[in-house]
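Encoded as structure tokens, the structure appears first; notes follow it.
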Amino acid sequence: MRTGIPVPARRPALVAAGCAAAFGVLTALVVARSGAPYPLDEALHAWSVRHRPAVPAALARGLTATGSGPVPYLCALAAGLAAGRGTRGRLAAAAGALSFLLVAQGVRYGIMYAVARPRPPFPDWAVYASGYAYPSGHATTSALAAGLLTWGARCAADPATARTGRAARGAAGGRARWAPWTLPAVLAPAACWAVAVGLSRVYLGVHWPTDVLGGWLYASTWLAAGAAVLAGRRGGAYGRYGPYGAA
């Protein structure tokens, strides 16, 4: 049965739909309690407050600072420059990555003000925070930046794809010749960074755990949707790799 979605785009489209559904359910659960924390939220928050000596707290503050401000946008810029080929391609990809991050942030702000969930009690904070709690801005932004870095690394792994719009084929098996270390070398630290930033928000007492989970689900929805758009752009003319080299 035809679905109207190009074959390469179906898997990321399904992932995006699943993450969006999970985010919608979690948001409904948060709204149903008028933002009041669930028992697991309170338990993990209390544990964090009780286990927060000076040195780990200082390290967490340094880490959490990278999840906002210029760092995620520099990551998006670097991802775009890595993804494009040639001056115009690099500029276009960088502008696209920055625009993607900005639009996702704008929509997040709308959701945040619509839900208007209060943060944990102020005396429990170990770092300054502003605005409402759900979904976590630091968790969202770092996850989006990590996803964009992975996209840029995947593009850079196979320059022939960017030149021809088709994956380079090996002599046997028909597989693209990816540099074996490029993608995991970026994916692993980027993912660990995004997870650590999200967890630091709970550890520092400025977010409930469900705020961070909501940020991760929201970011995953956008990343999977972006991958689906690139994979299916112009009816799949770029294959699974997108117009700049890799989806």
Side-chain angles (χ1 to χ4, degrees), residues 11-12 15-16 18-20 22-23 59-85 89-90 92-105 107-108 135-159 161-162 176 178-204 207 209 211-231 240-247:
R11 181 177 296 177
V15 172
C19 290
F23 177 71
L59 293 174
R61 281 191 288 268
L63 174 63
T64 208
T66 66
S68 183
V71 173
Y73 293 91
L74 290 174
C75 290
L77 178 63
L81 293 176
R85 294 294 177 267
R90 292 181 189 278
L98 287 170
S99 298
F100 177 85
L101 184 55
L102 287 169
V103 172
Q105 291 285 62
V107 175
R108 180 187 65 80
S136 167
H138 283 67
T140 298
T141 309
S142 57
L144 287 170
L148 288 170
L149 284 172
T150 303
W151 165 70
R154 192 178 178 195
C155 290
D158 189 4
T161 300
W178 303 108
W181 54 268
T182 305
L183 189 57
V186 174
L187 174 59
C192 289
W193 167 64
V195 170
V197 168
L199 295 178
S200 74
R201 305 304 286 170
V202 178
Y203 185 69
L204 294 170
H207 276 292
D211 299 333
V212 172
L213 177 59
W216 287 339
L217 288 172
Y218 175 79
S220 297
T221 299
W222 275 82
L223 292 170
V229 169
L230 287 178
R240 57 187 291 202
Y241 303 100
Y244 308 115

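All residue numbers in this chain count up from 1 along the given sequence.
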Side chains of [X] and [Y]: does their closest heavy-atom pair fall under 4.5 Å?
X      : Y      : value
Val107 : Tyr218 : yes
Leu63  : Leu59  : no
Val103 : Trp222 : yes
Leu144 : Phe100 : yes

If only atom types and distance count, is the side chain of Arg61 paired as donor or acceptor with the main-chain N or O of Leu204 below 3.5 Å?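 Flag not set: sc Arg61 to bb Leu204 has no pair under 3.5 Å.
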Donor-acceptor under 3.5 Å (Thr64 side chain, Ala60 main chain):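 Flag not set: sc Thr64 to bb Ala60 has no pair under 3.5 Å.
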Gap between atom CZ of Phe23 and atom CG of Leu213 - 0.5 Å precision: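 One gets 10.0 Å once the value is rounded to the nearest 0.5 Å.
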Rounded to the nearest 0.5 Å, how far does CG of Leu187 lie from CZ of Arg154?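 With rounding to 0.5 Å, CZ (Arg154) is 11.0 Å from CG (Leu187).
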Looking only at heavy atoms, what is the nearest atom pair of [X] and [Y], with distance?
X      : Y      : answer
Ala146 : Ala190 : CB-O, 3.4 Å
Ala76  : Leu148 : CB-CD1, 3.7 Å
Pro72  : Leu101 : O-CD2, 3.8 Å
Ala145 : Cys75  : CB-CB, 4.0 Å
Gly152 : Ala82  : O-CB, 3.9 Å

Side chain to side chain donor-acceptor pair (under 3.5 Å): which pairs involve residues 65-74, sequence neighbours left out?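 For residues 65-74: Thr66-Trp193.
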Quick one: list whatever passes side chain to side chain contact (heavy atoms under 4.5 Å, CB included) with Ser136, sequence neighbours left out.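 For Ser136 the side chain to side chain contact (heavy atoms under 4.5 Å, CB included) partners, ignoring immediate neighbours, are His138, Ala139, Arg201, His207, Asp211, Val212.
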Partners meeting side chain to side chain contact (heavy atoms under 4.5 Å, CB included) with Ala78 (sequence neighbours left out):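 Per chain and number, Ala78 pairs via side chain to side chain contact (heavy atoms under 4.5 Å, CB included) with no residue.
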